[in-house]
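All residue numbers refer to positions in the sequence shown, counting from 1.
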Amino acid sequence: LDRAASIYEPFNDPLLHKLRLSTKRLRYALELFNDCYGGDLKSFAKHFSKMQSALGEVHDSSEWIAYLGGTIRDGCTLDRQTAAWLISEFVCLRTTEYLKALELWNAWLASDLTGRLRGIIGK
């Protein structure tokens, strides 16, 4: 949760990536300890898996955008029109996936997902 505010910084790739890694670690911990809590953690792990996937796509798209932009800037032999088209596709994908992550976060807030999780773990 300490990294959660990063979701409101759509262009801060390092922070969004750290949020993804934290989400991944939490998901794996929930899966690992699911049996200890009578299977009650499985649905929470699924929620975090969706966030992890969306933020992973954001990260991958950002990496491709930077790489392709660099090839154009550096005068690489890559066809400029093709690179520009690919950049536009990755920008669209990144935006779509970022919006998914933001929608997930807002749904979690509305349903008090983290409070419900704490309630189970605190028992």
Side-chain angles (χ1 to χ4, degrees):
L1 288 175
D2 291 343
R3 297 193 193 280
S6 314
I7 199 70
Y8 300 114
E9 296 189 46
F11 302 110
N12 192 330
D13 290 323
L15 284 182
L16 289 175
H17 186 59
K18 286 180 182 179
L19 178 59
R20 184 189 76 82
L21 294 175
S22 294
T23 302
K24 175 180 165 181
R25 290 182 186 116
L26 176 57
R27 173 192 162 200
Y28 291 159
L30 293 173
E31 290 173 348
L32 180 66
F33 293 104
N34 183 51
D35 290 342
C36 299
Y37 289 89
D40 291 341
L41 301 181
K42 187 174 185 174
S43 66
F44 292 96
K46 287 182 181 180
H47 284 286
F48 293 114
S49 176
K50 290 177 186 176
M51 178 67 79
Q52 178 188 343
S53 293
L55 291 174
E57 291 292 336
V58 168
H59 175 73
D60 292 350
S61 296
S62 292
E63 292 292 312
W64 276 109
I65 291 164
Y67 170 76
L68 291 165
T71 61
I72 292 173
R73 189 177 49 254
D74 296 341
C76 183
T77 58
L78 181 67
D79 179 63
R80 285 181 182 267
Q81 284 184 313
T82 303
W85 176 79
L86 284 169
I87 288 169
S88 71
E89 291 296 310
F90 281 115
V91 167
C92 289
L93 177 62
R94 186 189 186 286
T95 300
T96 298
E97 294 300 322
Y98 170 76
L99 290 173
K100 279 184 194 176
L102 187 59
E103 287 173 11
L104 285 168
W105 177 248
N106 285 325
W108 293 357
L109 290 176
S111 70
D112 191 29
L113 182 83
T114 57
R116 291 185 289 127
L117 177 58
R118 286 180 178 182
I120 291 171
I121 292 173
K123 290 181 183 177

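With sequence neighbours excluded, the residues that form a side-chain hydrogen bond (donor to acceptor under 3.5 Å, both in side chains) with Ser62 are Asp13, Arg94. Applying the side-chain hydrogen bond (donor to acceptor under 3.5 Å, both in side chains) rule to Trp108 yields no partners; only residues at least two apart in sequence or on another chain are considered. With sequence neighbours excluded, the residues that form a side chain to side chain contact (heavy atoms under 4.5 Å, CB included) with Ile72 are Arg80, Ala83, Ile87. The salt bridge (charged side-chain N to carboxylate O under 4.0 Å, His left out) check on Glu57 picks up nothing, with sequence neighbours excluded. Among residues two or more places apart in sequence or in another chain, the salt bridge (charged side-chain N to carboxylate O under 4.0 Å, His left out) test is passed with Lys24 by none. His47 is linked by a side-chain hydrogen bond (donor to acceptor under 3.5 Å, both in side chains) to nothing, counting only residues two or more places apart in sequence or in another chain. Glu103 pairs by the side chain to side chain contact (heavy atoms under 4.5 Å, CB included) definition with nothing, not counting sequence neighbours. For Leu117, the side chain to side chain contact (heavy atoms under 4.5 Å, CB included) partners are Leu30, Leu41, Phe44, Phe48, Ile121, not counting sequence neighbours. Not counting sequence neighbours, Arg25 has no partner by the side-chain hydrogen bond (donor to acceptor under 3.5 Å, both in side chains) test. Residues passing the salt bridge (charged side-chain N to carboxylate O under 4.0 Å, His left out) test with Glu89, sequence neighbours excluded: none. Lys46 is linked by a side chain to side chain contact (heavy atoms under 4.5 Å, CB included) to Lys42, counting only residues two or more places apart in sequence or in another chain. Taking Arg27 as the reference, Glu31 meet the salt bridge (charged side-chain N to carboxylate O under 4.0 Å, His left out) condition, with sequence neighbours excluded.
For the pair Lys18/Ser6, no side-chain contact is recorded, criterion being any heavy-atom separation below 4.5 Å from C-beta on. Within the 4.5 Å cutoff, no side-chain heavy atoms of Leu16 are placed close to those of Arg3. With a 4.5 Å cut-off on side-chain heavy atoms, Leu55 and Ile7 count as touching.
In the hydrophobic clustering of ILVMFWY residues, with side-chain heavy atoms under 4.5 Å counting as a link, Trp85 and Val91 come out together. Leu102 and Phe11 are members of different hydrophobic clusters when ILVMFWY side chains are connected at heavy-atom separations under 4.5 Å. Linking ILVMFWY residues whenever their side-chain heavy atoms come closer than 4.5 Å, directly or via other members, places Leu109 and Ile120 in the same cluster. A chain of hydrophobic side-chain contacts below 4.5 Å, direct or via other Ile, Leu, Val, Met, Phe, Trp or Tyr residues, connects Leu113 to Leu26.
Panel note: side chain Thr71, backbone Leu68; a donor-acceptor pair is recorded below 3.5 Å.
Between the CD atom in Gln52 and the CZ atom in Arg20 there is a gap of 6.0 Å [rounded to 0.5 Å]. In this structure, CG on Leu19 lies 10.5 Å from CD on Glu9, to the nearest 0.5 angstrom. Rounding to the nearest 0.5 Å gives a distance of 10.5 Å between CG of Leu86 and CD1 of Ile65.
Considering all non-hydrogen atoms of both residues, Lys100 and Ala54 come closest at CB-CB, 4.2 Å. Looking at every heavy atom in both residues, Met51 comes nearest to Ala101 through CE-O, 3.3 Å. Ser61 and Phe90 get closest at one heavy-atom pair: CB-O, 3.7 Å.
Around atom OH of Tyr8, more than 12 heavy atoms belonging to other residues, nucleotides or ligands sit under 6.0 Å away. Other residues, nucleotides and ligands place more than 12 heavy atoms under 6.0 Å from the CH2 atom of Trp105.
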